[in-house]
Each structure stands twice: as structure tokens, then as C-alpha cells.
**Q** 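I'd like to ask you about the structure that follows.
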Amino acid sequence: GNSVTQMEGPVTLSEEAFLTINCTYTATGYPSLFWYVQYPGEGLQLLLKATKADDKGSNKGFEATYRKETTSFHLEKGSVQVSDSAVYFCALSDPSNTGKLIFGQGTTLQVKP
Amino acid sequence: NAGVTQTPKFQVLKTGQSMTLQCAQDMNHNSMYWYRQDPGMGLRLIYYSASEGTTDKGEVPNGYNVSRLNKREFSLRLESAAPSQTSVYFCASSGKNSGANVLTFGAGSRLTVL
């Protein structure tokens, strides 16, 4: 079945460091791919998305490219800030086209000043 | 712009008690969802409603019931709470955004079952 695997956390970085959070997926068809972010005590918010192969989603300095050949959608940011500390979830759209999302387990990012 | 509103934010129950989590959205979305979030497990779908008047089971429906009261409201009921249902519950609704169904989430309801 369809699934999403993310790198284990927590990931701890110093401010201004480069961030990569790995995400790979298994899916039938051509799903849309998403990154959601959850700040402490809040619900999930859409960070970025990509709907087809080779698309690059970007927002707030974060980027991810939909790689069909490697079934990956890794999240990157060139220079992280303390305010980026949060839990990041990779997700893919269920092929049933009901809008359901299948989530990875989440990766906690801690950025230290 | 309220988006998705969930109540209550916190609840403590004893084993065997019942309760209902309420959810409402003001974005005129057709589809709504209930997920639970547990450490190391990500979010798992409990139930969803593709449109008013329809509901379907998700990945972990046992012990829950839902009602799609109208287009705006989608409630989740625990008839006889168990400690395994201690979790954070999120309601979401979805609408199209540049060709993809994008979920908008509520702030969550933290439930503890003793």
C-alpha cells in the first residue's frame, strides 16, 4: 500500500545551518506530495506542495522537489532560524482522490541560537 | 477567517465514559476528516466524510463514531473511552489549491483517558 517514510528525529541544528529532512514514499499512480509543519501547541499547517514529477514546492525559504525516479521529496532550507523549530510531516495524497492524506511519522527540528 | 474550529481543546475522561469532539469549518469545503496523532506514529485517519451525508472509515476507526451534521460540521464520538484512545485529535477539511487537495487543520483536542 501507499506509505511515507521520514528520517528519524530529533534533528538539532545551530542557527544558520543547512537543513535536510529526508522523505521517501511508496505509491501507486501519481500522488501529490506535501510538507506540513506543526509549531508547538498548534495544528498542522501546509508548508509546501508539489503535484507532479520534477515540480519544486517552496515557501518561507523551504524547498522540496518531487523526484519520481528516487520516490523522494526531501525538505531543504539553506539557513534555519530558531523560529523554524517545529515538527515537520511529509505526506502524500491517497490515490482514491477523496482528499485523504497519508502522513509520515514526523521529524522534530530543534534550532539552537 | 476562522478556518477549522475544534472543541474542546482539552478533556480528561475516565475509562468507559463517553464524549463528543466537535468540529466546524467555514471554508465551504465538501470533505472533512478526523485524525489522531500519537508519538512516533504520525497522523492516522480515523474517519472521513467526502461530502455532506456520507462518512467512511479510515485506518483506525474502531471505538469511534462520526456524524456529518451538515456541510460545516463533523463530530467524532467516543462511546466508551479506553486508555488506548489517549491522543491528540485533529479535525481537517480539504479544498483545491492549485490542482491539489490541501487539508486545513484545526488546533487539536488533547484527550486523556484514565
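Below, chain A is the first sequence line, B the second, and so on; all start at residue 1. In what follows, every heavy atom counts, from backbone to side chain, and hydrogens, waters and symmetry copies are set aside.
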**Q** Are B:Met19 and B:Val88 connected in a single hydrophobic cluster, I mean Ile/Leu/Val/Met/Phe/Trp/Tyr linked by side-chain heavy atoms less than 4.5 Å apart?
**A**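 Different clusters.
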
**Q** Under 4.5 Å from any heavy atom of chain B, what part of A:Leu46 do you find: side chain, backbone, both or neither?
**A**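 For A:Leu46, the contact with chain B is made by the side chain alone.
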
**Q** Is it true that, when you exclude B:Arg110 itself, more than 12 heavy atoms of the residues, nucleotides or ligands shown sit nearer than 6.0 Å to its CZ?
**A**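 At most 12 heavy atoms, drawn from other residues, nucleotides or ligands, come within 6.0 Å of this atom.
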
**Q** Does CD in A:Glu15 sit with more than 12 non-hydrogen atoms of other residues, nucleotides or ligands closer than 6.0 Å?
**A**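 Yes, because the 6.0 Å sphere around CD of A:Glu15 holds more than 12 heavy atoms from other groups.
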
**Q** Donor-acceptor pair, distance only, cut-off 3.5 Å: does the side chain of A:Tyr36 make one with the backbone of B:Leu103?
**A**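 Looks like yes, one N/O pair under 3.5 Å.
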
**Q** When you look at OH of A:Tyr30, are more than 12 heavy atoms from neighbouring residues, nucleotides or ligands closer to it than 6.0 Å?
**A**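 At most 12 heavy atoms, drawn from other residues, nucleotides or ligands, come within 6.0 Å of this atom.
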
**Q** Indicate if A:Val4 and A:Phe73 have the same hydrophobic cluster label, given that clusters are the connected sets of ILVMFWY residues with side-chain heavy-atom separations under 4.5 angstrom.
**A**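 Yes.
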
**Q** Taking atom CD as the centre, does A:Glu16 end up with more than 12 heavy-atom neighbours from other residues, nucleotides or ligands that are less than 6.0 angstrom away?
**A**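 Counting other residues, nucleotides and ligands, CD of A:Glu16 stays at 12 neighbours or fewer.
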
**Q** Does one hydrophobic cluster hold both B:Trp34 and B:Phe105, with members joined at side-chain heavy-atom distances below 4.5 Å?
**A**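 Hydrophobic grouping puts B:Trp34 apart from B:Phe105.
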
**Q** Run the side-chain contact (heavy atoms from CB on, under 4.5 Å) test on B:Tyr33 and A:Lys100 for me, step by step, so that the C-alpha distance in whole Å, both residues' side-chain angles and the decisive distance to 0.1 Å come before the verdict.
**A** CA-CA 8 Å; B:Tyr33 313 84; A:Lys100 294 186 291 184; 3.9 Å; yes

**Q** Check A:Phe89 against B:Gln37 and note the closest heavy-atom contact, atom names and distance.
**A**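 In this case the closest contact between A:Phe89 and B:Gln37 is CZ-NE2, 3.2 Å.
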
**Q** Examine A:Ile21 and A:Phe103 and state if one hydrophobic cluster contains both, with Ile, Leu, Val, Met, Phe, Trp and Tyr joined whenever side-chain heavy atoms are less than 4.5 Å apart.
**A**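 Different clusters: A:Ile21 never reaches A:Phe103 through Ile, Leu, Val, Met, Phe, Trp or Tyr contacts under 4.5 Å.
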
**Q** Is it the backbone or the side chain of A:Ser32 that comes under 4.5 Å from a heavy atom of chain B, or both, or neither?
**A**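 The answer is the side chain of A:Ser32.
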
**Q** Locate the shortest heavy-atom distance separating B:Asn101 from A:Phe34; write the atom from each residue and the value.
**A**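 That closest heavy-atom pairing would be O-CZ, 3.4 Å.
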
**Q** Can you check whether A:Leu101's main-chain N or O pairs, donor with acceptor, with B:Tyr35's side chain at less than 3.5 Å?
**A**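 Indeed, once roles are kept as given, a pair shorter than 3.5 Å links the two residues.
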
**Q** Please state whether the side chain, the backbone, both or neither of B:Glu59 comes within less than 4.5 Å of a heavy atom of chain A.
**A**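 Nothing of B:Glu59, per the 4.5 Å heavy-atom cut-off to chain A.
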
**Q** Can you tell me which portion of A:Gln38 sits under 4.5 Å from chain B's heavy atoms? Options are side chain, backbone, both or neither.
**A**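 The answer is the side chain of A:Gln38.
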
**Q** If you look at every heavy atom in A:Gly99 and B:Ser94, which pair is closest and at what distance?
**A**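 For A:Gly99 and B:Ser94, the tightest heavy-atom pair comes out as CA-OG, 4.4 Å.
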
**Q** Against chain A, label B:Leu45 side chain, backbone, both or neither, depending on which of its atoms sit under 4.5 Å from a heavy atom there.
**A**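 When you check distances to chain A, only side chain atoms of B:Leu45 fall under 4.5 Å.
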
